[in-house]
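Since the structure comes first, as structure tokens, the remarks are kept for the end.
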Amino acid sequence: MVLMQFPHDMMNFTLIEALHTNKQVYLTYYRQGQCITETGFVQFVDSLGDLFIFIDDIFELKNKMKLSELFDVRLA
């Protein structure tokens, strides 16, 4: 699936907003053919490096993910 640049920019903006306001986010992405939604807090965003780090709400584990893997990001 190829995402248009505008939705990708909006997801990036939402991640950065969540990082600076310490708001919880819903992250939706595809992994191994399945659509997964997780809840957590953004800890780091590197837009140029296509990377972000979030702490999941259930296990409180640090997760690294590529920005390009995201399908949707929403503030909780």
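Source: prediction; values computed, not measured. Sequential numbering from 1 along the given sequence is applied to the chain's residues.
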For this session: Determine, step by step, whether Lys64 and Gln43 satisfy the side chain to side chain contact (heavy atoms under 4.5 Å, CB included) criterion, reporting the C-alpha distance in whole Å, the side-chain angles of both residues, the deciding distance to 0.1 Å, and the verdict.
Result: CA-CA 10 Å; Lys64 288 184 184 178; Gln43 187 176 51; over 6 Å; no
Exercise. Is there a donor-acceptor pair under 3.5 Å between the side chain of Asp50 and the backbone N or O of Leu67?
Worked result: yes
For this session: Please indicate whether Leu61 has more than 12 foreign heavy atoms, meaning atoms of other residues, nucleotides or ligands, lying under 6.0 Å from its CG.
Result: yes
Output the distance between atom [atom1] ([X]) and atom [atom2] ([Y]), rounded to the nearest 0.5 Å.
{"X": "Ile53", "Y": "Leu19", "atom1": "CD1", "atom2": "CG", "answer": "10.5 Å"}
{"X": "Glu17", "Y": "Asn22", "atom1": "CD", "atom2": "CG", "answer": "12.0 Å"}
{"X": "Thr37", "Y": "Leu27", "atom1": "OG1", "atom2": "CG", "answer": "8.5 Å"}
{"X": "Met11", "Y": "Phe52", "atom1": "CE", "atom2": "CZ", "answer": "9.5 Å"}
{"X": "Asp56", "Y": "Lys62", "atom1": "CG", "atom2": "NZ", "answer": "12.5 Å"}

Is there a side-chain contact between [X] and [Y] (heavy atoms, below 4.5 Å)?
{"X": "Val73", "Y": "Thr28", "result": "no"}
{"X": "Leu75", "Y": "Thr14", "result": "yes"}
{"X": "Leu70", "Y": "Ser68", "result": "no"}

Problem set entry | Test log, rule side chain to side chain contact (heavy atoms under 4.5 Å, CB included), inputs Leu48 and Asp46 | CA-CA 6 Å; Leu48 296 176; Asp46 178 2; 4.0 Å; yes
Exercise. So Asp57 and Gln24, side chain to side chain contact (heavy atoms under 4.5 Å, CB included) or not? Walk me through it.
Worked result: CA-CA 9 Å; Asp57 195 34; Gln24 197 172 37; 3.2 Å; yes
Exercise. Given the rule that I, L, V, M, F, W and Y join up when any side-chain heavy atoms are under 4.5 Å apart, are Ile55 and Val45 in one cluster?
Worked result: no
Exercise. Are Met65 and Phe44 joined in one hydrophobic group, where the rule is that I, L, V, M, F, W and Y side chains link up if heavy atoms are under 4.5 Å apart?
Worked result: no
For this session: Answer yes if the side chains of Tyr29 and Glu38 hold a donor-acceptor pair under 3.5 Å, and no otherwise.
Result: yes
Problem set entry | Step-by-step side chain to side chain contact (heavy atoms under 4.5 Å, CB included) determination, Leu15 to Ser47 | CA-CA 10 Å; Leu15 287 172; Ser47 302; over 6 Å; no
Problem set entry | Atom of Tyr26, atom of Ala76 and distance for their closest heavy-atom approach | CE1-CA, 3.5 Å
Exercise. Does the separation of the ring centres of Phe41 and Phe54 fall below 6.0 angstrom?
Worked result: no
